[in-house]
Amino acid sequence: MDIDNRRLSSPDRVGGPGTRAWVALAILCFVYVLNFLDRQLLSILAKPIQDDLGVTDGQLGMITGLYFALFYCLISIPVGWFADRTNRVRVLSLACALWSAATIACGFAASYPQLVIARMSVGIGEAGGVPPSYAIISDLFPPGKRGTALGLYNLGPPLGQAMGVAFGASIAAAYSWRDAFLSLGAVGLGAALIVFLFVREPARGGLDTARPVLEPVRATASEGFLATCRMFFSRPVLLLVALASGATQFVTYAVLNFTTLFLMREKGMTLSEIAIYYALLIGIAVSAGIYTSGRLIDWLAPRSKTAYAYVPALALALAIPFFIGFVRAPAWPVAMVFLAVPTFLNYFYLSPAVALVQEEVQPHQRVLSGALLLLVMNLIGLGLGPTFLGAVSDHFRISHPHNSLQLAFYTLIPFYVVAVLLFLALVRALRREEARSGVAL
């Protein structure tokens with residue numbers, strides 16, 4: 001065991017989480033903000049990058065989707081396995097430094113192939129960011145508090161997206177899109193140092209309570225890489241939550257990576273207007289959705305584990321008509337009003353999915369299990385969502401050059417339905433598992 005694993009103060013062991021836990025959570029959330037900011041900066045600055053490098057919608061979808069996701073997802077698995085056996089804080093610090101340096105490299109790209117290589121490097125670095133953080137937080141906060149803590153941590157994506165829109169678009173409007181990559185990458189290098197100096201490694205499983213063994217595979221799982229993978233993919237609950245979340249991310253990443261371009265090219269917004277209004281919408285609506293879902297899970301899950309599935313299923317079903325209104329709106333002010341609702345509801349899946357996986361696996365399997373969750377989610381969502389939408393837009397642009405993205409956005413509606421159905425299947429799996437354990441829902 002790492003020496004730092006034993007350096008956990010008594011306030012964090014007894015009762016609620018101590019001050020150190022909340023400070024560490026704040027730092028990890030800030031790093032996640034930078035993680036997602038760097039990841040989304042390319043889609044935020046899509047219009048000036050397209051004008052400068054001649055990138056098509058299809059190429060934009062590939063570089064923000066499949067190319068990035070392949071490296072991000074595949075590297076996250078060995079990184080998760082390694083972090084489960086070593087100091088997770090140091091892994092996170094090194095990863096932050098790597099993706100920040102790669103973000104700076106994006107600012108120097110003079111062609112599409114160079115930009116692809118830089119973006120792949122960002123994916124390699126970011127692979128070591130989220131899974132270790134999930135496990136660190138789960139060992140800093142006890143059951144009953146993890147949903148809220150993970151909900152706060154998962155504010156990183158909306159805050160990163162909002163700050164990326166605000167600062168990235170503002171810097172690009174005042175200077176150039178290259179300066180946005182250079183300046184924000186430099187901030188990430190400073191954040192890596194902060195993590196290394198101020199976050200300590202918590203004890204693995206130090207705050208877990210004794211739980212009944214639900215399945216023999218969970219009781220006999222070794223610490224091996226293959227054993228954890230077999231455990232994850234053999235349990236219907238874990239597999240279904242990953243697939244349902246992936247279907248949801250297919251929609252959310254496709255929308256997220258092309259909304260700025262859609263609003264500018266087909267709704268008439270300027271880069272300066274994007275920096276104000278869209279940044280506020282993302283920052284407020286997504287943050288509220290993620291935090292609200294985390295609180296709902298902490299309240300509802302002790303009564304019934306099906307809340308992990310019912311909450312996102314209901315939210316996604318309610319989001320569909322407002323998403324259609326956003327796509328159909330004739331001008332950007334009306335479109336923004338409609339967009340606020342699905343932007344709030346689309347992210348009700350994230351905190352429940354992460355909390356469920358972290359609760360259902362053994363402490364020594366948390367980083368790798370979190371990485372496997374992200375592998376499935378991101379290969380489906382991040383890898384295929386933007387790639388699909390960009391290719392469809394290129395297809396429609398031949399016959400509908402002025403509204404190709406609008407038509408492409410309509411094709412995302414069936415994926416909303418698929419996500420809802422998968423979460424309902426997860427409800428049934430949770431009921432079956434609880435029935436086998438003799439715990440009534």
Notebook entry, point to check: Without hydrogens or angle criteria, can the side chains of Asp52 and Trp177 be said to hold a donor-acceptor pair below 3.5 Å?
Noted result: yes
Notebook entry, point to check: When rounded to the nearest 0.5 angstrom, what is the spacing between OH in Tyr278 and CE in Met269?
Noted result: 9.5 Å
Next item on the list: Only one of Leu314, Leu296, Ile297, Leu316 passes side chain to side chain contact (heavy atoms under 4.5 Å, CB included) with Phe348; say which it is.
Entry: Leu296
Check: Would you call Met377 and Tyr253 a side-chain contact if the rule is heavy atoms closer than 4.5 Å?
Finding: no
Margin query: Quick check: Trp332 with Phe326 (ring centres under 6.0 Å apart)?
Written below: no
Item checked: Stepwise side-chain contact (heavy atoms from CB on, under 4.5 Å) test for Ile104 and Phe181 -> CA-CA 5 Å; Ile104 293 174; Phe181 281 100; over 6 Å; no
Check: Who pairs with Val376 by side-chain contact (heavy atoms from CB on, under 4.5 Å), at least two apart in sequence or on another chain?
Finding: Phe233, Ala242, Leu243, Ile380
Item checked: Aromatic ring pairing Phe415/Phe250, orientation class (parallel under 30°, perpendicular over 60°, tilted between) -> parallel
Notebook entry, point to check: Looking only at heavy atoms, what is the nearest atom pair of Pro386 and Gly381, with distance?
Noted result: CD-O, 3.3 Å
Check: Would you say the side-chain atoms of Ser304 and Thr306 include a donor-acceptor pair closer than 3.5 Å?
Finding: yes
Note to self: Consider side chain to side chain contact (heavy atoms under 4.5 Å, CB included). Of Leu239, Val241, Leu238, which one does Leu426 pass it with?
What the structure shows: Val241
Notebook entry, point to check: Got a second to check how far Leu389's CG is from Phe262's CZ, nearest 0.5 Å?
Noted result: 9.5 Å
Item checked: Near-ring test Phe409/Phe258, centroid separation under 6.0 angstrom -> no
Check: If we only count heavy atoms from C-beta on, is the Ser133 to Val31 side-chain gap below 4.5 Å?
Finding: no
Item checked: Verdict with supporting geometry, Val286 and Phe344, side-chain contact (heavy atoms from CB on, under 4.5 Å) -> CA-CA 5 Å; Val286 181; Phe344 172 70; over 6 Å; no
Item checked: Leu379 CG to Leu66 CG distance, which is reported to the nearest 0.5 Å -> 8.5 Å
Check: Less than 4.5 Å apart, any side-chain heavy atom of Phe323 and any of Val327?
Finding: yes
Item checked: Gap between atom CG of Leu356 and atom OG of Ser245 - 0.5 Å precision -> 9.0 Å
Notebook entry, point to check: Side chains of Gln50 and Asp57: donor-acceptor distance under 3.5 Å anywhere?
Noted result: yes
Notebook entry, point to check: Taking Thr248 as the fixed residue, which of Tyr347, Tyr416, Phe423 is the one that meets the side chain to side chain contact (heavy atoms under 4.5 Å, CB included) rule?
Noted result: Phe423
Checklist line | Separation of Leu226 CG from Met231 CE (nearest 0.5 Å) | finding: 12.5 Å
